[in-house]
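Read the structure below first, then the notes.
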Amino acid sequence: MAAPCVSCGRALSARLSLTVRASLARRPGHWKPSAVDWQMGAGSQLLKLIHTTAVTTKKNVPASRHEVYTEDFIKKQIEEFNIGKRHLANMMGEDPETFTQEDIDRAIAYLFPSGLFEKRARPIMKHPDQIFPKQRAIQWGKDGRPFHFLFYTGKPSYYSLMHEGYGKVLQLEKHKGPLPVKTQHRDLIGSRWLIKEELEEMLVENLSDQDYMQFIRLLEKLSTLQCGPAEEEFVQRFRRGVAIQSKKQLIEPVQYDERGMAFSTSEGRRKSATAKAVVYEHGSGEISVNGMGYLHYFPVLQDREQLMFPFHFLDRLGKHDVTCTVCGGGRSAQAGAIRLAVAKALCSFITEDEVEWMRQAGLLTSDPRVRERKKPGQEGARRKFTWKKR
Amino acid sequence: MAPARTALPRLLCAGVRSARRWPGFLRKATPGPAGPSGRMLTGAPNPARSEPQDDHDLQRKILDLPLKHSDFFNVKELFSVKSLFEARVHLGHKAGCRHRFMEPYIFGSRLDQDIIDLEQTASHLQLALNFTAHVAYRKGIILFVSRNRQFMHLIENTAQNCGEYAHTRYFKGGLLTNAQLLFGPEVRLPDLIIFLHTLNNVFEPHVAVRDAAKMNIPTVGIVDTNCNPCLITYPIPGNDDSPPAVHLYCRLFCTTINRAKEKRRQMEILYQLPSVKRAEDSGTAN
């Protein structure tokens, strides 16, 4: 790692401290601006900046709602960010030209290790566009005339969208008729409409729920009518893709041991038990746990049923061999951990449809339930002490 | 042109809260002792200062010339009583919906339906269009207001076509009276509000009529037989429910405004370059 020069280190830490303090102060915090005074004199202009931005430390106030950031201020912040990024790259010994945001995050985590639990309270260094909320530029020219023809409505962007959408509907109705055409559900599957917050962010305006609903109704009407590419593009602007859950399932690769037998291995966890299972493709339904037979390890019927469930579900009861190791937890937790591990390992030997059925049955989801802690003033996690009237 | 002259001081104060905000040309156009005496105080006018003096004169010419004619923009030719009749402007509501103050404008009643006097409509329309043209000529902000859902889209398109503003949506309470808070401290309010429908969706007078009167903004409005023409500066008695009628009004306003802006452009070119002025004098049709 290149030895950092003192000056750029100081400038860098000044830039970082600005962001740190700005980001800290925006959250419910107990940071006092006056504590900064004793720091470096070289960054005195930066210090002035910290004071004049007047960040609030009120609790539960969404950050900088009524702050007005001038364009010059934002521009200056962007310049400082870029300079700071280059200094950081130099410090870490990397190429400043190809220093991405992930590298910045890694560098900051390395230079400022923080043990804080709240992720938003840790030091960050991000582009000012992601920190300062988007604001509307000045809406009228030198002679006072507003730029947008719907300026006097109060929500020009929203109403101009409605105007545009309605214009398209009228045009289509004129050409093709008012009845909806049976359209194939081309891209409506796998995507969803924008939510109200996303629309507000896009338009930089405050909307009411009724406004939002009206807008969605207009878009739905537009999408039911048969439209050309321009209208399609207009509608697609307000759709966001939804990750299809079934495609996310990781399937383990099949491995082969020295005898040529196909097997796959996987892990599973439940409460504090961890299990590792090796499932062989061809077998006779033997399950060995920690070197012992499963009948010996799990004397209780309920635990054995848990082991059998993945096979029973797929109708492959006597067809696979399993060897697993498990540690931690109690008997029920170990059984659940093995069940999950076995189900995951089985995915490599079955069809995609069967994987999807298993996912919907809940066999491939790890159980998030853990023991809830005991709270002071109560006897257990939920149980309170006996209430006595007097 | 009495209405134009009384409106002139108001236009000069258009949407302004402090004198320092006035755009340069408006300030110079203010007639009064301040101008000449100011120059005399600084000393004898020298050749270097002839340019601002020329400017002042030019502005005066550009702004005062239209006021000397009764119909500088020739709005009379845009419509006739026959064209109003064909657009069904004379049809009013039933006699039961009649507003008391609309009685002077009503010609009569046929089968219980009120008929509006088109002669009066024509004269009112001419005054209103002339006033609109003068406002557009002086680069005023014109706001089209209506709350009728049937013609919302048409009115917004009209406003877009003439480069002016429209408000056919839900009218928020303090839009005109509390504009400083809603928009910003230096917002400029409209200089003219044109109502294509004076009533809102519950058949009550639109809030903007009262608010414009409070803020000293002149209004032009199409008043039907069930509307209150009281607070509107230039009422135009006429039908506001039939599509041909509303289309006609939109066309008329659009044409007047465009005409006035075009005239303004021509006048500025005419007076801007003194050398070209002689050449262009003969060419331009004034």
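Per chain, numbering begins at 1; letters A, B, ... match sequence-line order.
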[atom1]/[X]: more than 12 non-hydrogen atoms of other groups inside 6.0 Å:
| X | atom1 | answer |
| --- | --- | --- |
| B:Glu86 | CD | yes |
| A:Gln130 | CD | yes |
| B:Lys172 | NZ | no |

(request) List the steps and the verdict of side chain to side chain contact (heavy atoms under 4.5 Å, CB included) for B:Tyr170 and A:Thr153. (result) CA-CA 8 Å; B:Tyr170 173 73; A:Thr153 55; over 6 Å; no

(request) Indicate yes or no: at least one non-hydrogen side-chain atom of B:Arg169 is less than 4.5 angstrom from one of A:Lys155. (result) no

(message) Less than 6.0 angstrom separating the ring centers of A:Phe149 and B:Tyr165, yes or no?
(response) no

(request) Determine whether the aromatic ring centres of A:Tyr166 and B:His153 lie less than 6.0 Å apart. (result) yes

(request) Say whether, by atom type as modelled, one donor and one acceptor occur between the side chain of A:Arg145 and the main chain of B:Glu164 under 3.5 angstrom. (result) no

(request) Kindly compute the distance separating OH (A:Tyr152) from CD1 (B:Ile141), expressed to the nearest 0.5 Å. (result) 3.5 Å

(message) Can you tell me how far apart CD (B:Gln160) and CG (A:Leu150) are? Round to the nearest 0.5 Å.
(response) 7.5 Å

(request) Under 4.5 Å heavy-atom distance to chain A, tell me which part of B:Phe183 shows up: side chain, backbone, both or neither. (result) both

(request) List the steps, then state whether side chain to side chain contact (heavy atoms under 4.5 Å, CB included) holds for A:His163 with B:Asn157. (result) CA-CA 9 Å; A:His163 175 78; B:Asn157 282 335; 3.1 Å; yes

(message) So for A:Leu170, is it side chain, backbone, both, or neither that comes closer than 4.5 Å to the heavy atoms of chain B?
(response) side chain

(request) Count the heavy-atom pairs under 4.5 Å between each of A:Pro146, A:Gly154, A:Gly167, A:Gly144 and chain B, then report the option with the highest count. (result) A:Pro146

